[in-house]
Structures are given as structure tokens and as C-alpha cells.
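Written out below as C-alpha cells is the structure these notes cover.
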Amino acid sequence: MVAKRVVPKNKASVVKNIAYEPQVIERKWQAKWEKDKLYRSVIDNSKPKHYALTMLPYTSGDLHFGHWYPMAPSDARARFKRMNGYNVLFPIGFDAFGLPAENAAIKRGIHPKTWTYKNIDNMRRQLKTMGNMFDWSREAITADPEYYRWTEWFFIQLFKQGLAYRKMSAVDWCPSCNTTLAREQVVGENRVCERCGTPVIKKDLEQWFFKATKYADELLNFDEIDWPERVKTLQTNWIGRSEGASVIFKTEAGEPIEIFTTRPDTLWGATFMVFAPEHPLVDKVTTPQQKAAIEAYKAQAARQSDIERESADKEKTGVFTGGYAINPVNNERIPIWIADYVLMSYGTGAIMAVPAHDERDFAFARKYNLPIIPVIQPVGTSHDSPLQAAYVGAGVMVNSGPFNGTRVNTEKGRKNPGISAVIDWLAQQGIGKEAVNYRYRDWLISRQRYWGAPIPMIYCDKHGWTPVPEDQLPVLLPDDVEWKPTGESPLKLHPTWKNTTCPVCGEHAVRETDTMDTFMCSSWYHLRYLSPHYDKAPFDPKEYDYWMPVDTYTGGIEHANMHLLYTRFFHKALRDAGIVEGNEPMMQLRNQGIILGEDNEKMSKSRGNVVAPDELVGQFGADALRTYLMFAYRWQEGGPWNSQGIDGTARWLRRVWTLFTDHTPAGAASDETKKNLRRRVHQTLKRVTRDFENFEFNTIISSLMELLNEMYKAREAGAAGSPEWNEASEIYLKMLAPVAPHIAEELWTNQLGKTYSIHQQSWPKVDEDAAKEDMIELPVQVNGKVRDRIVVPAEASEDEIKSAALASENVKKFLEGKEPKKIIVAQKRLVSVVV
RNA sequence: GCCGAAGUGGCGGAACAGGCAGACGCGCACGACUCAAAAUCGUGUUCCUUCGGGAUUGAGGGUUCGAUUCCCUCCUUCGGCACCA
């Protein structure tokens with residue numbers, strides 16, 4: 001039908017057939033917006049602010065779907081917020097330090113700085129093709145000295161707060177990246193490097209740590225932030241808080257040993273102790289007779305990889321030390337063993353073993369013939385037959401001195417009456433106290449690499465570690481460095497760089513040659529965006545006061561236990577140092593899913609299933625790609641790419657173009673047609689507004705597609721040229737503007753002839769009256785099956801609806817003459833007749 | 001093993017107070033236009049059917065006049081943690 005309208009072969013039809021050439025209009029508007037500084041965000045106290053942040057890209061050199069998918073919809077929402085009266089800040093920058101730059105240097109002899117900044121130039125160009133409302137004047141690059149000067153400064157502030165310290169310990173080491181890693185950066189059951197996938201090994205090294213565990217409890221509190229449950233769960237599990245008691249056991253060798261247990265109620269059943277093989281007390285408690293066996297076991301445990309050691313189904317092994325401890329609750333003499341199922345890295349590295357009520361201890365006791373004494377008896381049982389398995393359920397305490405008869409349930413910590421009572425008693429007796437243990441570890445920050453922010457510390461033989469004086473920051477990375485994958489920091493091999501003087505005594509001293517984990521750089525980038533060139537502090541307080549905190553943060557969930565946890569810790573540490581305010585940096589978080597290849601596998605060059613956004617932009621335009629990414633998936637889920645799917649949104653945008661460029665003469669539509677059009681427009685506006693708030697981009701696009709179809713029909717019915725038509729056109733383009741900013745601007749400014757720019761217009765207001773239906777169609781069910789539909793006025797009473805329903809021929813037929821028992825009119829949405 | 005998320009046509013998905021299952025789009029089929037193709041436009045498209053209707057939201061059960069939606073049991077997929085004392 002529409003085609004017919006275009007058919008008349010007069011001159012008008014030639015004029016109206018302007019081709020939609022996205023590449024032309026997109027470039028044109030991007031240039032104009034930039035020239036007009038349309039997206040420059042300036043403090044304006046007359047408006048509410050909205051800080052929309054999307055995770056900054058790493059400078060890999062090429063912009064892929066992993067960037068487009070989170071960024072384009074985030075941009076649409078930022079634009080929506082802006083049209084809704086907010087002064088919006090939507091900044092961008094580059095996470096520019098890191099290993100790939102150094103690898104490029106090793107492999108191809110390109111300086112990491114050259115490689116990185118060349119990549120940034122390309123990515124900046126690619127980012128601009130997206131048409132986002134980024135405020136480029138606030139661009140921050142973490143590898144710029146004016147940026148990392150403050151990364152170093154923050155390190156010093158944390159050091160001054162007692163939150164940065166050095167410790168010798170067995171740390172995770174990636175043999176491919178040749179550096180240590182934080183615990184979070186070792187992933188999966190094979191314990192591989194998060195960056196390169198190589199299995200990590202343990203090394204005993206002295207490294208810098210941040211005391212993140214100080215904030216463990218606070219990090220478990222999400223009351224102030226609107227973050228997805230998934231992320232909160234991941235972080236909660238990662239921190240791994242467990243409640244119980246710490247108890248001190250004396251050893252016959254003299255040194256007391258503290259253990260942590262979540263089951264103090266089973267203390268009377270502790271029949272032996274187990275130390276981790278690496279435990280420092282092992283040598284003290286070992287008797288001369290057992291020494292050889294113990295040494296052999298220790299050596300074997302040290303040889304084994306963590307994966308071998310930590311696999312749960314492995315049969316438990318251990319060796320008796322010959323030494324004994326005294327169970328403080330009943331003064332029983334219990335043997336001390338070592339076994340590799342006890343880990344030095346959790347708790348105190350030693351446990352009390354209660355074989356009757358712990359599966360691991362049970363297996364161990366069985367194997368080595370150690371006594372098993374039940375101290376929790378299931379209620380209603382009394383038999384004394386030997387346990388066939390550890391009993392971990394509820395019951396009554398037995399063989400437990402003063403606590404015999406005390407009830408124990410399956411709750412943890414203080415919620416369990418048995419545990420609670422024993423904790424109080426231990427404290428009273430002075431042999432133990434309530435304790436909380438975490439799986440969470442302090443953040444290992446040292447990296448044995450060149451391309452990172454130097455750790456601004458100086459070591460002097462006399463004065464130990466001292467921070468570089470703040471007026472000497474930044475400690476600049478030297479350019480003339482040799483990159484060799486030696487496992488030593490390249491800065492260490494530099495002939496002169498590390499030599500300096502001690503800030504305390506002025507004598508010769510050396511710089512720290514390790515650099516910082518790049519997650520340190522990204523822990524505060526949202527603050528640097530506020531004033532990227534400010535040189536008196538990491539950020540301009542005026543900008544901070546206006547823009548912070550981040551209102552909406554978007555990015556991938558893969559960083560739940562890394563960046564998203566680090567940045568929360570960092571904020572709290574800065575708060576305690578008096579640098580920032582509030583308890584949380586980012587108030588609302590939303591995670592997008594992942595776009596997979598067409599084969600439903602992760603996109604990767606080796607699989608050959610990579611789709612390049614650049615090519616799609618060349619073929620369909622940025623608007624079509626943006627809208628397809630919003631339309632095709634639940635944004636928070638993602639899914640496989642479908643190369644034909646983008647035709648759908650490209651077609652839709654062409655139809656939009658056709659409708660707005662085809663100057664149909666005014667017709668004589670009926671009042672009803674016009675009223676219906678207006679109703680659909682306002683109903684759509686209502687839905688689109690709601691969906692923008694909720695990050696439901698797919699239904700925004702489908703609503704706009706539906707409305708376009710309605711507009712085509714209304715035009716056929718002669719609505720063009722009417723006030724209702726003009727209102728529909730305006731509202732349509734305004735709703736389109738956030739999702740497809742270029743075509744909306746072109747049609748608004750050059751076709752409708754409205755005031756430039758559409759992106760500075762206000763979001764339209766819903767006219768609730770116009771959105772209301774006059775007549776409503778209700779399905780009528782008889783015994784739960786839809787048998788007919790009736791049309792009644794929207795304001796019809798329940799009784800009127802009931803009689804209309806019963807009057808229906810089809811309903812009568814299915815009633816088969818029987819009297820209805822009940823007629824339910826449900827919220828004016830459905831009539832249910834029950835026989 | 002523990003914790004979390006999710007299962008709806010050939011495909012992506014919609015249904016936002018428990019109330020018409022399958023909106024919107026992809027694909028497909030047929031038709032119009034064309035010498036032809038592309039583009040565009042139109043019609044149809046969950047399955048079965050004796051054309052009355054029946055079945056159907058991973059499976060089974062429950063609550064309800066009514067369940068994709070709430071409850072219970074189970075299955076599958078994905079993600080995280082995992083000898084954590």
C-alpha cells in the first residue's frame with residue numbers, strides 16, 4: 001500500500017526519494033557536535049547531575065564488540081538522562097598500562113609507550129564512530145605521567161594509613177607473564193593466570209600488599225548501593241566470612257598454638273591436631289624419631305602443585321610429628337600430625353581435628369586409626385555403634401563435660417545455641433574467644449614488570465622503606481629499558497634508575513623496581529575524569545563536590561571480584577584518609593552480557609568467529625549497529641551474534657527515514673484515526689520511558705518499531721499534516737534520539753526543520769488522558785478457556801461487563817445452559833465464568 | 001559438593017500487579033512490482049486436528065476461577081567457589 005503512494009511518477013516523488021546514507025550523515029553530525037562542543041559537561045548547579053560511567057577500555061588497539069556492547073546502550077541511557085533534565089557527565093579514557101604493551105616490545109621491538117599511544121589513537125578514532133556523547137575534554141590515560149603521578153601519590157597515602165605493607169609469603173606467580181599476581185587474578189579450578197591462561201605456581205617472595213582485609217566486613221555491606229544480586233553474591237562468596245571461635249592449645253614442646261574453628265561445640269571431640277606442612281611450629285613439635293618422616297613429607301608437599309594438593313577427592317595423607325598438644329577443654333593429650341589438606345593460607349594453618357563431626361577429619365582418622373569420639377548425638381538416638389561417617393547434623397551435645405545435653409542445630413555462628421554457649425564459656429575460661437575468619441586475602445600489588453606505575457618507595461639500609469617525597473612525584477618510568485622476560489623487573493636491570501638517596505638521611509638508597517598492578521590505576525579513574533589535567537591534587541574538589549558519586553556504572557561482571565571489589569576497597573581507604581567522602585564510589589551498577597560468535601562460542605581470532613564492528617559500521621552505519629545491539633538481546637544476558645539480524649534494524653531505520661523524508665500531503669483522517677494515533681504515541685512514550693530507566697533496551701526498540709508501523713497505517717488513513725501527526729513525529733524522533741542519535745538529528749533538524757540539536761531537547765511528557773483507552777476488549781473464559789472476546793467502554797461497570805459477557809453467543813454455547821457459579825471480572829483485563 | 005543465574009516457536013526474544021502465551025524482529029513460504037535479480041511492499045508462519053476443537057512456556061506435583069509468573073520435587077545449561085577447618 002505504501003509502495004503505491006510512492007508510485008506516482010511526478011516530480012514530487014523524485015524529490016522525496018532521498019537515499020538514507022548513514023555513513024554520510026553520521027560523519028557530518030559527529031563533526032558538527034564536536035565543533036559545537038555539544039557534549040562538554042560543565043558544572044551547573046541549577047540542574048541535578050548524573051554521572052554515567054562505563055568501564056574504560058584497555059588499549060589493545062582494536063575496538064570490538066566487548067566495547068560496543070556495553071558502551072552504545074550506556075550512551076543511549078546517558079542521553080535519555082540528559083533529555084530528562086540532568087546535567088550528564090559521560091566520560092571516557094584508556095587503561096593504558098599492562099603486559100601486552102611489554103609483550104609487543106619483547107616480540108616486535110616496539111617501545112611499550114609507542115605501541116600504547118598508537119593504539120589509543122586508533123581506538124579513539126573508532127570510539128568516535130560510535131557517536132557517543134563522550135566528553136572528550138575529560139579523557140584520561142592511565143599511562144600519562146600526569147595520571148600516574150597520582151596513582152603513586154595514592155600508594156603513599158595508603159602507606160601512610162598503614163594500609164600498604166611488605167610481606168614475605170608464598171605468592172602466586174605466572175611463569176608466562178613473569179610476575180606475581182593477586183589472589184583474584186588466579187582463576188578457575190586449574191588456577192590459571194587471569195590474563196594469559198597459564199597455570200600459576202607458588203614462589204616465596206617479599207611483596208607489597210594492600211590491607212584490603214581490614215575492610216572485609218564493610219565490603220560485605222551493600223545497603224547503600226543498587227548493585228545486581230549476582231555481583232553481591234560473588235563478592236560475598238569471595239570474601240568468604242565464617243564465624244566461630246579461636247582456641248589456644250598448649251603443646252608439650254612449649255609453644256602454644258592458636259586454631260580457628262567454626263564448630264567450637266565439638267571441641268570435646270577433638271582427638272588430634274593437624275598442622276599445614278609449612279607451619280613454622282612443625283619443627284618445634286617434631287620428635288627426633290619422627291624427623292626424617294616429617295622432612296620427607298614436607299619435601300613432597302612442597303613439590304606438589306596447588307591443583308594436586310587442593311583436589312578434594314585425593315586421598316588424605318599425613319605424618320605424625322611425635323609431638324602432643326593438650327585439648328584445653330578436657331586436658332586430653334592429643335597427637336599432632338601434619339597433612340597437606342590443611343592449608344597454610346587459611347586461618348592459622350593449623351586445625352583441631354574432630355573426626356566424628358567433620359568429613360575430612362573422619363577420613364583421616366579412619367586411615368591412620370585415630371580415635372573418633374562422638375560429641376553430638378542426633379535427637380532421639382542413643383545407640384553406641386561406631387560412626388560410619390562424620391555426623392554433621394543437629395543434635396544434643398554429649399561427652400562434653402559441662403555442656404552435656406545442650407542443643408545444637410545446623411545454624412552457623414551465634415545463631416546456633418550450642419556454639420554460642422561454648423564461645424561464651426571459652427572466653428570466661430580464658431582459653432578462647434569469638435572469632436571471624438575470611439577467605440579474602442590482602443591485595444598483592446607488586447608486579448615484576450616495566451609498563452606500570454612505579455611503586456614510589458625507597459629502601460635505605462639504615463632507614464628501611466620510605467616513600468618518595470610527594471614533591472618529587474611522579475617517579476617517572478625511564479624510556480631506555482631492556483625488556484627481557486627474565487622474571488626480574490626490567491627497572492632492576494636499568495644501570496642507573498634505581499639509584500637514589502634516602503629521603504631521611506640522604507645516603508645512597510635504592511628505588512623499588514617493581515611496578516603496581518594495573519588494577520590500582522583503574523581503582524580511581526572515575527576520579528581523574530573529573531579534572532584530568534588538574535595538577536594540585538588527583539582531582540579538583542569543586543568537580544568532585546558536584547559530580548561524585550558515580551550514579552550509574554556499566555560494564556562486565558567478569559570483574560566482580562577484581563576491579564569492582566578493588567575500587568570499593570580503594571574508595572573506603574581514601575575515605576579513611578580523608579580524601580573522599582561517602583562509603584561507596586558507584587551507586588548503581590548494571591552488567592551487560594557477552595556477545596558470542598555465530599557459532600555460540602566466545603569470539604576469538606583462533607576460532608575465526610570474530611565479527612568486526614568497524615565493518616558493520618561501514619556497511620550499515622553506527623545507528624543500525626547501536627540499535628541492533630540494543631534490540632537483539634536482553635542486554636544483561638547477551639548471546640550469539642546473528643549476521644542476518646542486523647538487517648532488521650537497518651530496515652527499520654530505512655523505514656523511519658522513508659516516513660520522515662516522504663512529504664505526504666495532508667489528508668483528511670477521521671477523528672478516531674487521529675485519536676488512536678495520539679493514544680499509541682503516548683502509550684509508547686510511557687513504555688519507552690520506563691524501559692530506559694530499567695535498562696530494557698530490547699523493548700525500547702520493539703516499541704518504536706510498533707509505533708512506526710502504526711504511523712504508517714495512520715498516514716494511509718490520511719493523518720499526515722494533522723496536529724496529532726506532527727506531535728507524533730516530534731515525539732517519535734525524540735524517543736529515537738538516544739538510541740540512533742545521527743538519523744534522529746538529521747530528520748529533526750533537516751527534515752522537520754526543528755531547532756538544532758535534538759540532543760538538547762527535553763524528553764516529552766506523557767499525556768495520561770491521551771494514553772487511556774476508550775473501548776477495551778476483554779477475553780471471556782468459560783472454565784479457564786477463552787471462548788469469546790467482548791468490547792466494552794473502558795469505564796463500564798463490573799455488572800455491565802458481566803452482562804455483556806453472558807450475552808455472548810459463544811459463551812452461552814459453552815455454558816450449555818448451566819448457571820454460572822461465579823463470574824470474575826479481573827482488573828478489567830479478562831472475564832472468567834465458572835460453571 | 002556448595003552458592004548464584006537461566007530454561008517460552010526453526011532462531012533472538014515479549015508478556016512489568018497471578019488474567020488473551022508467542023508482541024517486535026530474524027528466517028522461511030507465497031504473492032505484488034521487475035525482462036530478471038536486488039531493494040521495497042503485502043499475506044501467512046507454535047504443534048496436532050475428523051475444522052467442532054485439542055495440546056502447549058524444561059519434567060512432575062501443589063495453591064487458585066485462572067500459573068510463563070507463586071510454592072515443592074526433579075532435570076538440563078551457564079557462571080562462581082571448592083580439603084576454607
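Per chain, numbering begins at 1; letters A, B, ... match sequence-line order. Small disclaimer: the values here were computed from a predicted structure and weren't measured.
- Atom NZ of A/Lys412 is separated from atom C1' of B/C84 by 11 Å (rounded to the nearest Å).
- Whole-Å rounding puts the A/Lys316 NZ to B/C83 P distance at 9 Å.
- B/A6 and B/A55 are spaced 30 Å apart, taking the P atom of each and rounding to whole Å.
- Taking A/Lys232 as the reference, A/Glu229 meet the salt bridge (charged side-chain N to carboxylate O under 4.0 Å, His left out) condition, with sequence neighbours excluded.
- Taking the side chain to side chain donor-acceptor pair (under 3.5 Å) definition, one finds that A/Thr699 meets it with A/Asp691, sequence neighbours left out.
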N/O contacts under 3.5 Å, protein versus nucleotides 2-9 of chain B?
none

Table of protein N/O atoms under 3.5 Å from nucleotides 67-70 of chain B N/O atoms:
none

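- Looking at residues two or more places apart in sequence or on another chain, you find a ring pair (Phe, Tyr, Trp, His ring centres under 6.0 Å) between A/Trp268 and A/Phe403, A/Trp425.
- Taking only side-chain nitrogens and oxygens, A/Arg654 comes nearer than 4.0 Å to OP1 or OP2 of B/U40.
- For A/Tyr346, the side-chain atoms get nearest to B/A85 when compared with the rest of B/C81, B/C65, B/A85.
- In this view, A/Asp358 and A/Arg360, A/Asp361 satisfy the side chain to side chain contact (heavy atoms under 4.5 Å, CB included) rule, not counting sequence neighbours.
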Seminar exercise, completed: In B/S/- notation (B base, S sugar-phosphate only, - none; protein heavy atoms under 4.0 Å), nucleotides 48-58 of chain B written 5' to 3' is ------SS---
Exercise. How does protein contact run along nucleotides 22-30 of chain B, one letter per nucleotide 5' to 3', with B for base contact, S for sugar-phosphate only, - for none, heavy atoms under 4.0 Å?
Worked result: -BBSSS---
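- Put simply, OH on A/Tyr69 is 11 Å from C1' on B/G12, counting in whole angstrom units.
- Checked by atom type, the side-chain pair A/Thr684/A/Glu706 shows no donor-acceptor distance below 3.5 Å.
- For A/Ile824, the side-chain atoms get nearest to B/G19 when compared with the rest of B/A85, B/G80, B/G19.
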Would you be so kind as to tabulate the donor-acceptor pairs closer than 3.5 Å made by side chains of residues 631-639 of chain A, with sequence neighbours excluded?
residue	atom	partner	partner atom	Å
A/Tyr633	OH	A/Pro640	O	3.0
A/Trp635	NE1	A/Tyr69	O	3.0

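- What separates CZ of A/Phe249 from C1' of B/A85 is a distance of 12 Å, to the nearest Å.
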Seminar exercise, completed: Output field dot_bracket for RNA chain B (Watson-Crick or G-U, both distances under 3.5 Å, | for other-strand pairs) contains (((((((..(((......[....)))((((((.......))))))(((....)))..(((((..]....))))))))))))....
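- Screening A/Leu653, A/Thr627, A/Leu625, A/Asp647 for a side-chain contact (heavy atoms from CB on, under 4.5 Å) involving A/Phe620 leaves a single residue, A/Asp647.
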Exercise. After noting the C-alpha distance and the side-chain angles of A/Glu184 and A/Trp238, does the key distance pass the side-chain hydrogen bond (donor to acceptor under 3.5 Å, both in side chains) rule?
Worked result: CA-CA 9 Å; A/Glu184 290 79 18; A/Trp238 184 256; 3.1 Å; yes
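- Residue A/Leu234 contributes atom CG, which lies 14 Å from atom C1' of B/A82 at whole-angstrom precision.
- Side-chain contact between A/Leu708 and A/Arg655 is present, with heavy atoms from C-beta onward closer than 4.5 Å.
- Note: CD (A/Gln781) to P (B/U64) measures 17 Å, nearest angstrom.
- Under 3.5 Å, the side chains of A/Tyr20 and A/Thr658 contain no donor-acceptor pair of N or O atoms.
- With rounding to whole Å, A/Met630 atom CE is found 17 Å from B/G12 atom C1'.
- For A/Ala365, the side chain to side chain contact (heavy atoms under 4.5 Å, CB included) partners at least two apart in sequence or on another chain are A/Phe272, A/Pro355, A/Leu370, A/Ile372.
- Taking A/Phe65 as the reference, A/Trp641 meet the ring pair (Phe, Tyr, Trp, His ring centres under 6.0 Å) condition, with sequence neighbours excluded.
- The side chain of A/Asp691 approaches B/C16 more closely than any other nucleotide in the set B/C65, B/A85, B/C16.
- Here A/Thr262 does not reach the OP1 or OP2 of B/C84: none of its side-chain N or O atoms lies under 4.0 Å away.
- Separating the CZ atom of A/Phe364 from the P atom of B/A85 is a distance of 18 Å, rounded to the nearest angstrom.
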